[in-house]
Amino acid sequence: MKMMDLFKSMTIAGVALSSYAHVHNHSLIKGSENTHPFIVIGSDMAQTSKSLSTFTVIEDHGDSQIAIVDGSEKGELSHIAHVDHKRCGGYFAFETLENAQSFVNDSKGNKNAQNVVFADYNLDQRELVEEKISLADELSIRNTILKLSSFHNRYYKSETGVQSQAWLKSHWEKLTEHRKDIKVEFFNHSSWDQPSVVATIEGTEKSDEIIVIGGHADSIAGWWGQAGKKAPGADDNASGTATFTEVLRVLAESGYQPKKTVQFMAYAAEEVGLLGSKDIARSYKRANKNVVGVLQLDMTNFNGSSSDISIINDYTNEAQNTFLKNLIDTYLKDLTWASSSCGYACSDHASWTSQGYPASIPFEAQKNDMNSRIHTANDTIEQSGGTAEHALKFAKLALAYVIELDN
Ligand code: BES
Ligand code: ZN
């Protein structure tokens with residue numbers, strides 16, 4: 001397993017981590033016998049583990065339990081997992097109780113967010129949807145892509161990565177300056193300089209219900225990044241950012257006043273482990289905010305497959321994915337969709353999923369057909385034919401999504 005893949009499996013707790021555990025837990029534990037006393041086990045293992053003298057359950061979470069066990073007995077615990085429960089490794093070890101708790105909570109959130117139906121997905125707003133869709137404009141999207149990709153990079157630790165977010169904020173302010181019910185703010189992160197940018201249209205009737213539409217605004221060159229490297233990130237992810245900027249423009253300019261609150265989020269620091277969106281999704285969860293739907297747009301402008309829109313089916317909410325497919329069939333009749341999977345927590349939707357919120361990501365192509373120039377100096381709009389034709393389809397879908405979910 002490559003270092004990056006290992007990192008990917010670890011970025012999000014839950015499904016990916018259990019497969020990670022299956023292959024790698026022995027080596028993970030070995031060097032950490034005394035430094036990681038907190039363990040999380042499946043509840044089915046609790047009974048058999050009681051035979052260990054230092055094993056104590058400290059929190060029962062239903063399907064799983066947090067326990068402490070002395071390093072000297074971890075080998076025995078693995079043995080029990082292996083022999084009695086046919087598992088390799090069988091548990092996760094953590095340095096602090098807090099880390100163990102967030103692991104358990106993320107796993108719970110993951111399960112919930114993928115299977116529960118969170119909203120009414122009836123389609124009954126044809127007139128309004130068709131009107132707004134007709135206002136989406138390819139050239140507006142193209143110009144935003146060109147502007148964002150003109151920064152040397154939008155890396156989370158570079159000066160230009162801060163400047164690009166300041167530009168985006170002022171651009172959104174201009175697009176919405178005639179609207180007193182729209183505010184544009186930075187969401188600052190404590191561990192790095194690049195802020196996320198959040199635009200909020202306050203709901204008129206059910207303002208506590210929040211619809212989130214977003215994507216990452218940062219870019220990177222090379223898989224681990226360097227502040228000095230050129231990274232236009234035109235497709236990854238100026239395209240998604242420009243796509244939901246167009247949704248904001250259309251809704252604001254055409255006077256749409258949502259009943260629910262609609263928030264547009266340009267996340268910082270996605271390319272280094274979904275950091276910006278994780279920070280935001282966690283703070284929403286802590287504040288008990290009622291997010292009824294999350295739409296992630298990451299890479300929308302490279303038309304690499306025969307179907308137009310790929311709906312990613314892992315780390316996403318199934319019912320909301322079906323809703324997106326119905327929106328395409330109903331309002332974008334010329335377009336075709338297919339399902340595809342990332343195989344890991346590939347973008348910011350996973351940050352919301354792991355906090356228990358329903359998220360989806362309509363994607364530019366089948367995973368195998370996606371733009372291969374991302375994370376290089378060649379991720380320019382020319383790779384997508386120099387226009388934003390493909391991204392325009394996603395702006396229309398996102399407009400239909402917001403309007404139908406709002407009503
Ligand atoms: N946009 C890319 C990758 C991607 C691929 C997103 C398919 C959605 C569908 C994203 O910015 C990225 O590079 N993600 C990383 C993982 C992240 C946790 C650092 C990746 O794919 O390796
Ligand atoms: Zn991306």
Side-chain angles (χ1 to χ4, degrees), residues 1-17 20 106 145 148-149 153-157 161 164 192 194 196 214-226 229 231-244 265-279 281 294-305 307 309-316 321 324 338-354 359-376 379 383-384 390-391 394:
M1 193 184 232
K2 289 184 309 201
M3 195 54 202
M4 191 57 205
D5 294 336
L6 189 143
F7 172 67
K8 279 168 192 165
S9 329
M10 293 181 71
T11 351
I12 186 167
V15 193
L17 266 169
Y20 165 77
D106 281 4
I145 295 176
L148 286 171
S149 54
N153 63 42
R154 303 186 303 278
Y155 189 57
Y156 81 127
K157 276 191 171 170
S164 63
W192 64 91
Q194 183 180 55
S196 297
H216 69 93
D218 65 317
S219 73
I220 198 167
W223 285 94
W224 296 104
Q226 271 171 43
K229 271 200 173 171
D235 193 30
D236 188 9
N237 181 32
S239 67
T241 308
T243 302
F244 63 84
M265 301 193 178
Y267 308 110
E270 185 268 356
E271 297 289 11
V272 288
L274 320 179
L275 298 184
S277 57
K278 221 181 269 180
D279 203 14
V294 177
L295 192 72
Q296 171 73 4
L297 293 168
D298 184 359
M299 299 172 67
T300 60
N301 204 31
F302 181 79
N303 193 355
S305 292
S307 48
I309 294 177
S310 293
I311 308 290
I312 301 291
N313 59 15
D314 50 355
Y315 298 91
T316 53
N321 290 343
L324 286 176
S339 295
S340 185
S341 44
C342 251
Y344 55 92
C346 62
S347 188
D348 303 298
H349 57 289
S351 298
W352 292 99
T353 299
S354 66
S360 298
I361 170 171
F363 186 58
E364 65 185 14
Q366 292 285 291
K367 182 77 195 318
N368 292 336
D369 301 332
M370 70 185 228
N371 190 338
S372 61
R373 307 295 172 92
I374 66 166
H375 301 193
T376 74
D379 181 5
Q383 301 302 327
S384 301
H390 199 51
F394 292 78

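Because the structure is a prediction, the values reported are computed rather than measured. Just follow the structure's listing: the first ligand is 1, and inside any ligand the first atom is 1.
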*Asks:* Is the closest N or O pair between Ile312 and ligand 1 shorter than 3.5 Å?
*Replies:*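 There is no such contact.
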*Asks:* Passes side chain to side chain donor-acceptor pair (under 3.5 Å), Thr316 versus Asn321? Steps please.
*Replies:* CA-CA 7 Å; Thr316 53; Asn321 290 343; 2.9 Å; yes
*Asks:* Which atoms of ligand 1 are found less than 4.0 Å from any heavy atom of Ala345?
*Replies:* 18 (C)
*Asks:* Regarding Ser239 and Asn301, do their side chains bring together a donor and an acceptor under 3.5 Å, going by distance alone?
*Replies:*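 Side-chain D/A pair, Ser239 to Asn301: absent.
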*Asks:* Go through ligand 1 atom by atom and flag the ones less than 4.0 Å from a non-hydrogen atom of Leu274.
*Replies:*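 Those qualifying, in numeric order: 18 (C).
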*Asks:* Under 4.0 Å from any heavy atom of Cys342, which atoms of ligand 1 are there?
*Replies:*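 Answer for ligand 1: 7 (C), 9 (C).
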*Asks:* Using a heavy-atom cut-off of under 4.0 Å, does the side chain or the backbone of Glu271 touch ligand 1, or both, or neither?
*Replies:*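 Both backbone and side chain.
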*Asks:* Provide the number and element of each atom of ligand 1 under 4.0 Å from a heavy atom of His375.
*Replies:* 13 (O)
*Asks:* Please confirm whether the backbone N or O of Asn313 pairs with a side-chain atom of Ser341, one donor and one acceptor, at under 3.5 Å?
*Replies:*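 No; judged by distance alone, with no hydrogens or angles, the pair does not exist.
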*Asks:* With 2.8 Å as the limit, jot down which protein N, O or S atoms are around the Zn ion (ligand 2).
*Replies:*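 Protein N, O or S atoms closer than 2.8 Å to the Zn ion (ligand 2): His216 NE2, Asp236 OD1, Asp298 OD1, Asp298 OD2.
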*Asks:* Is there a donor-acceptor contact under 3.5 Å linking the side chains of Ser340 and Ser310?
*Replies:* no
*Asks:* Short question: side chain of Glu364, backbone of Asn371 - any donor-acceptor pair under 3.5 Å?
*Replies:* yes
*Asks:* Between the main-chain N or O of Leu297 and the side-chain N or O of Asn237, is there a donor-acceptor pair closer than 3.5 Å?
*Replies:*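 Yes; judged by distance alone, with no hydrogens or angles, the pair exists.
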*Asks:* Between the main-chain N or O of Tyr156 and the side-chain N or O of Asp218, is there a donor-acceptor pair closer than 3.5 Å?
*Replies:* no
*Asks:* Roughly how far apart are Tyr315 OH and Ile361 CD1, rounded to 0.5 Å?
*Replies:*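 Those atoms lie 13.5 Å apart.
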*Asks:* For Lys157, I'd like to know if atom NZ has over 12 heavy atoms of other residues, nucleotides or ligands within 6.0 Å.
*Replies:*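 Counting other residues, nucleotides and ligands, NZ of Lys157 stays at 12 neighbours or fewer.
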*Asks:* Do you know which two heavy atoms are closest between Arg154 and Leu148, and how far apart they sit?
*Replies:* NH1-O, 2.9 Å
*Asks:* Return yes or no for this condition: an N or O of Ser347 is under 3.5 Å from an N or O of ligand 1.
*Replies:*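 Such a contact does not occur with ligand 1.
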*Asks:* What are the atoms of ligand 1, with element, lying closer than 4.0 Å to any heavy atom of Gly273?
*Replies:*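 Checking each atom against Gly273, I get 19 (C).
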*Asks:* If we only consider heavy atoms of Asn237, is any one of them less than 4.0 Å away from an atom in ligand 1?
*Replies:* no
*Asks:* Does Glu270 reach ligand 1 with a nitrogen or oxygen that is under 3.5 Å from one of the ligand's nitrogen or oxygen atoms?
*Replies:*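 Yes, there is a polar N/O contact under 3.5 Å.
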*Asks:* Looking at CD of Glu271 and CG of Asp236, how far apart are the two atoms once the value is rounded to the nearest 0.5 Å?
*Replies:*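 So the CD of Glu271 and the CG of Asp236 are separated by 4.5 Å.
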*Asks:* Give the numbers and elements of all ligand 1 atoms closer than 4.0 Å to a heavy atom of Asp298.
*Replies:* 1 (N), 2 (C), 6 (C), 10 (C), 11 (O)
*Asks:* Counting from 1, what ligand 1 atoms have a heavy atom of Lys367 closer than 4.0 Å?
*Replies:* 5 (C), 7 (C)
*Asks:* In chain order, what residues pass the side-chain contact (heavy atoms from CB on, under 4.5 Å) check against Ala217, with sequence neighbours excluded?
*Replies:*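 Counting only residues at least two positions away or on another chain, Ala217 forms a side-chain contact (heavy atoms from CB on, under 4.5 Å) with Gln165, Thr241, Ala266.
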*Asks:* Measure the distances from the heavy atoms of Gln296 to every atom of ligand 1 and state whether one is below 4.0 angstrom.
*Replies:*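 Gln296 does not count as a contact of ligand 1 under the 4.0 Å cut-off.
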*Asks:* Backbone N or O of Tyr267 within a donor-acceptor pair of the Ser277 side chain at under 3.5 Å?
*Replies:*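 Checking the backbone N and O of Tyr267 against the side chain of Ser277, no donor-acceptor pair under 3.5 Å is found.
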*Asks:* Please could you name the atoms of ligand 1 that Met299 approaches to less than 4.0 Å, counting only its heavy atoms?
*Replies:* 1 (N), 2 (C)
